[in-house]
Protein chains: 2
Amino acid sequence: MDALTINEAAETTGWSPRMLRYIERIGLIEAPRSSAGYRIYGPAELQRLRTLRELLDERGLGLGDVAFALRLRREDALRGAVDAWLEAEPRRPETVPAGDWLRWEQEKHARLLSAATPPTRTMETA
Amino acid sequence: MDALTINEAAETTGWSPRMLRYIERIGLIEAPRSSAGYRIYGPAELQRLRTLRELLDERGLGLGDVAFALRLRREDALRGAVDAWLEAEPRRPETVPAGDWLRWEQEKHARLLSAATPPTRTMETA
DNA sequence: CAAACCTTGACACACCTTTGGTAAGGTTTG
DNA sequence: CAAACCTTACCAAAGGTGTGTCAAGGTTTG
């Protein structure tokens with residue numbers, strides 16, 4: 001059987017033991033534990049650790065980025081909130097494709113409009 | 001017409017002018033420009049700025065988080081890479097629901113297995 | 001049982017992010 | 001035309017992230 005301790009896993013994956021604990025701490029890769037609480041790295045975890053490094057290097061990401069992507073995937077409410085904001089790209093009404101999306105947008109705007117926007121000063125508009 | 005300059009927009013939204021520029025810099029909200037290059041904040045941008053603040057406050061996010069979510073949405077390759085990694089959760093084969101997903105997993109593993117994992121030492125497996 | 005592991009927690013440092021200034025220079029407008 | 005804007009480009013401080021190291025204590029194993 002191939003079950004490695006944290007130091008062994010560190011050597012084969014290129015991460016430091018410290019980082020292996022950190023990666024677990026931020027929720028990315030949780031190694032199962034032995035009865036005494038030792039982390040046990042099996043092939044699955046090792047594979048994951050290697051591909052994680054690839055992902056970070058090739059895409060120039062940080063661990064925090066991947067951790068956030070994981071949160072987005074796990075927390076429905078969070079993903080919904082972020083997606084809702086991102087989907088409402090700031091286009092002028094003319095540019096907006098009419099239809100369901102527009103209605104939904106308007107409803108959202110109405111819902112969120114708590115403080116009115118008093119028009120203040122005028123300016124040459126491009 | 002209601003088109004505000006950056007300082008006016010800052011006042012009505014609660015952001016500082018500095019942050020409005022920063023928010024634009026990281027790609028979250030780009031205000032259109034006047035012919036002289038002045039940023040022009042219309043109702044759409046103001047709304048977006050307010051909801052952005054709500055999103056951050058209510059979810060405890062940082063601007064970087066939202067910026068990353070935006071990258072995920074815009075860059076197909078990035079999203080694909082991150083999703084692929086996240087979808088490969090570290091389950092043991094026994095736990096894996098057999099079927100298409102498993103086959104795809106195995107193919108991916110094969111694809112990514114460049115460096116073999118030489119089993120080193122044994123350990124009590126839980 | 002002692003050496004060589006493992007665990008968590010703390011201190012520490014380098015770097016990046018977030019945010020505020022301030023300066024040099026163009027624009028708008030009373 | 002001068003005051004009050006705007007722009008970009010820097011310097012800087014506060015806080016977060018990534019990483020190392022060390023300490024105190026439990027575990028495995030020759």
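All values derive from a computational prediction rather than experimental measurement. For the numbers below, each heavy atom of this structure counts, side chains included, while hydrogens, waters and symmetry mates do not.
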Practice item. Using a cut-off of 6.0 Å, state whether more than 12 heavy atoms not belonging to A:R25 lie near its atom CZ. Key: no
Looking at A:E75, I want to see if its CD is surrounded by more than 12 non-hydrogen atoms of other residues, nucleotides or ligands under 6.0 Å.
yes
Please tell me if [X] has a side-chain N or O lying less than 4.0 Å from either OP1 or OP2 of [N].
X	N	value
B:Y22	C:dT19	no
B:S34	C:dT27	no
B:R39	D:dT7	yes
A:R33	C:dT8	yes

Nearest whole Å is fine: how far is [N] [atom2] from [X] [atom1]?
X	N	atom1	atom2	value
B:E8	D:dC5	CD	P	9 Å
B:R18	D:dC5	CZ	P	20 Å
B:R25	C:dT17	CZ	C1'	11 Å
B:I26	C:dT17	CD1	P	10 Å
A:I6	D:dT19	CD1	P	14 Å
B:E11	D:dC5	CD	P	10 Å
A:E24	D:dT19	CD	P	16 Å
B:L20	C:dT18	CG	C1'	14 Å

In this structure, CG of A:L72 is separated from CZ of B:R73 (nearest 0.5 Å) by 10.5 Å
One should read off an interatomic distance between B:I23 CD1 and B:R48 CZ, to the nearest 0.5 angstrom, of 10.5 Å
Handout entry: Any donor-acceptor N/O pair under 3.5 Å between C:dG26 base and B:Y38 side chain
Key = yes
Between A:R21 and A:W15, the residue closer to the 5' end of DNA chain D by nearest nucleotide is A:W15
pair_partner(C:dG30), Watson-Crick or wobble, both distances < 3.5 Å, evaluates to D:dC1
Paired to D:dA13 by Watson-Crick or G-U wobble criteria (both distances under 3.5 Å) is C:dT18
Notebook entry, point to check: Hey, does the side chain of A:D83 reach the backbone of A:G80 with a donor-acceptor pair shorter than 3.5 angstrom?
Noted result: no
Assign each of A:G37 and B:P17 the nucleotide of DNA chain C bearing its closest heavy atom; nearer the 5' end lies the nucleotide of A:G37
